[in-house]
Amino acid sequence: MPSALPDGEPVPSDGSLPDHALAGLGERPFGFYVHVPYCATRCGYCDFNTYTATELRSSGTVASQETYADNLIAEIRLARRVLGDVELPVQTVFLGGGTPTLLPARDLVRMLAAIRDEFGLAADAEVTTEANPESVDPAYLSELREGGYNRISFGMQSARPHVLTLLDRHHTPGRPEACVTEARAEGFEHVNLDLIYGTPGESDDDWRASLDAAIGAGPDHVSAYSLIVEDGTKLAARIKRGELPMVDDDVHADRYLIAEEALAAAGYAWYEVSNWATTPEGRCRHNELYWTGADWWGAGPGAHSHVGGVRWWNAKHPAAYAQALAEQRTPAQGREVLPTEDRRVERILLELRLREGCPLSLLAPAGLRAAERALADGLLDRAAYASGRAVLTLQGRLLADAVVRDLVD
Ligand SMILES: C[S@@+](CC[C@H](N)C(=O)[O-])C[C@H]1O[C@@H](n2cnc3c(N)ncnc32)[C@H](O)[C@@H]1O
Ligand code: SF4
C-alpha cells in the first residue's frame, strides 16, 4: 500500500497561494508533473501511489480511469486560476505513475493539450511520459509523438527473467529494448531506460547483462536505482519471513561501480548519482527542475507541488481527488511554507547528488568540518573543493547518502 502523506497546514478551498509564493513567478523555470495512479498489477517492491482495478473495487470506490483525464484537466484549469494570468510558459511536462500508458494515448494527448492551452509550452519544452514496456506499441507511440510528447522513459529494470519475475514485472526480456527502437522510429528525441540493481538473487553477471542490453538498445539516458525495500510491500514481507535474503550495502556499492564502468565506457556521463546521459541535452530537464528548487505544479492524486517556497500535496486516493474537483474544491490536502533553514538543507540534499555539486557557502560550520573530513577521505573532489564547491568523487557517490547526512549538520 502507498505510504502516508504528511499533515501540514490546511489549504483554502479555492487553492489560493500566499502572495509571497506568487512573487517572482515566471522568473524561475516552471514545470508540470501529472500523476497517473493506475497499474495493471502492483509490483511487489513498489509503494508509489498507484492502484490496480482490484484494489479500487475492494475499497468500494468508483474512481474510473475513463474519467481520469477530465478530472486532471479540471485541476490544470484550477492551476491557472491559482497562479493568475502571469506569463508562465511550461518548460517541462512529466507524466509519471503508476502507469500513464495504461490510459488511452488520446487521454495523454488531451492532458498535454490542456496544459498548452492554459499556460503555453516553451518552444523547446521537454515533454516526457513514463511507460511500461508491455503497455505500448508503435501506433500508441506515434499518437503520443504527434500529440507533442518528445521524451519517453521505459521501466526496463532488468534483462534477466528470474530478476523480472522476482520484481513481478510482466514484460518479456527484450521488449524494453524493442521499445527504444520503436520510440526512435516514431521520432522521440529522447529515450530513457530505468534499471534496478540489488534485487535478491541477482548476480554481478546478471547486472552486467542488464546494463549491456540497455546500452545495446541505444537510449540517450539511463537511470539505475538500487532496489529500496519499502516498508509494507510484498517484497519487505518476503524478506522478513526469510523467504528472500536482504541484499547488503557492499553488494549495492559493487553494482554501482559496475554500472559506472559500463555506462562510462559506452559514452554515458553521470549528471546525478543515479542518472547518466550521452549528451547534456539528453539530461532529464524535468528532474533538474526538482533538484534545483524551481517551481512546479504536481497534478493528480498524491502529487506534490512547489511554488516559491510553498509546498503542497493532493489527496492520495483517486476517489477523494475526483470528489474534490467535482465539488469545485482544490484537491490539495495540506501544505507547508518551507522555513529558510529547511530550504538550505534541502538544497544540500539535492545539489550534492549532482555532478556540479553544491556551493560550500551553503554549509554550516559543522557541515564544513564534515566536508573537510570527506575531502581527506577522498569522497569529495579536490579541484572542485578548491573552487568552492562540494562535488562527490566516484567513491563519494557510493556513499552519497552518508556524505549528505554529514554535510547537512
Ligand atoms: C514508480 S515507477 C512508474 C513508472 C512505471 N510504472 C514503471 O514501473 O516503470 C518509476 C520507477 O520507479 C522504480 N521504483 C519503484 N519502486 C522502487 C523501489 N522500491 N526501489 C527502486 N526503484 C523503484 C520503478 O522500478 C520504475 O522504474
Ligand atoms: S508498474 Fe511501476 S508504478 Fe506500477 S507498481 Fe510497478 S513499479 Fe510501481
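Counting convention: from 1, in listed order, for ligands and their atoms alike.
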Cationic N near anionic O, under 4.0 Å, [X] to [Y]:
X      : Y      : answer
Arg283 : Glu356 : yes
Glu118 : Arg81  : no
Glu272 : Arg397 : no
Glu341 : Arg344 : yes

What do you reckon, does [X] put a non-hydrogen atom under 4.0 Å from ligand 1?
X      : result
Ser153 : no
Arg169 : yes
Gly96  : no
Gly98  : yes

Could you check [atom] against the protein and tell me its nearest heavy-atom contact, residue, atom and distance included?
atom                    : result
atom 1 (S) of ligand 2  : Asn132 ND2, 3.1 Å
atom 4 (C) of ligand 1  : Glu130 OE1, 3.0 Å
atom 27 (O) of ligand 1 : Asp194 OD2, 2.8 Å
atom 5 (C) of ligand 1  : Asn132 OD1, 2.9 Å
atom 8 (Fe) of ligand 2 : Cys46 SG, 2.4 Å
atom 22 (N) of ligand 1 : Ile196 CD1, 3.6 Å

**OP:** Taking Arg238 for its side chain and Gly242 for its backbone only, find out whether a donor-acceptor pair lies under 3.5 Å.
**Re:** no
Original post:
Can you check whether Asp250's main-chain N or O pairs, donor with acceptor, with Arg255's side chain at less than 3.5 Å?
Top reply: no
Subject >> Proximal ligand 2 atoms for Tyr45, defined as those under 4.0 Å from one of its heavy atoms >> reply: 7 (S)
**OP:** Using a strict 4.0 Å cut-off to heavy atoms of Gly98, name the atoms of ligand 2 that fall inside it.
**Re:** 3 (S)
What atoms of ligand 1 come within less than 4.0 Å of a heavy atom belonging to [X]?
X      : value
Phe48  : 1 (C), 15 (C), 16 (N)
Ile228 : 18 (C), 19 (N), 20 (N), 21 (C)
Thr99  : 6 (N)

Between [X] and [Y], which heavy-atom pair has the shortest distance, and what is it?
X      : Y      : answer
Trp276 : Trp270 : CD1-N, 3.4 Å
Gly96  : Glu130 : CA-OE1, 3.3 Å
Asp47  : Arg42  : CA-NH1, 4.0 Å
Ser158 : Arg160 : OG-N, 2.9 Å
Tyr321 : Leu72  : OH-CD2, 3.5 Å

Original post:
Between Ser226 and ligand 1, which part of the residue brings a heavy atom under 4.0 Å of the ligand: side chain, backbone, both or neither?
Top reply: backbone
**OP:** Examine the proximity of ligand 1 to Thr233 and report which part, side chain or backbone, both or neither, has a heavy atom under 4.0 Å away.
**Re:** neither
Relative to the ring of [Y], is the ring of [X] parallel (under 30°), tilted (30 to 60°) or perpendicular (over 60°)?
X      : Y      : value
Phe94  : Tyr33  : parallel
Trp296 : Tyr290 : perpendicular
His221 : Tyr271 : perpendicular

Subject >> Contact check: Cys39 vs ligand 1, nitrogen or oxygen atoms, below 3.5 angstrom >> reply: no
**OP:** Answer yes or no for atom 13 (C) of ligand 1: protein heavy atom present at a distance under 4.0 Å?
**Re:** no
Relative to [atom], which among [options] owns the nearest non-hydrogen atom?
atom                    : options                       : answer
atom 2 (Fe) of ligand 2 : His171, His170, Arg42, Arg169 : Arg169
atom 23 (C) of ligand 1 : Tyr45, Tyr197, Tyr38          : Tyr45
atom 2 (S) of ligand 1  : Gly97, Gly155, Ser158         : Gly97
atom 24 (C) of ligand 1 : His35, Glu230, His171, Gln157 : Gln157

Subject >> Aromatic ring proximity, centroids under 6.0 angstrom, His35 and Phe48 >> reply: no
**OP:** Measure from atom 6 (Fe) of ligand 2 to each N, O or S atom of Cys43 and report whether any distance is below 2.8 Å.
**Re:** yes
Original post:
Backbone or side chain, does Cys39 get an N/O/S atom under 2.8 Å to atom 8 (Fe) of ligand 2?
Top reply: no
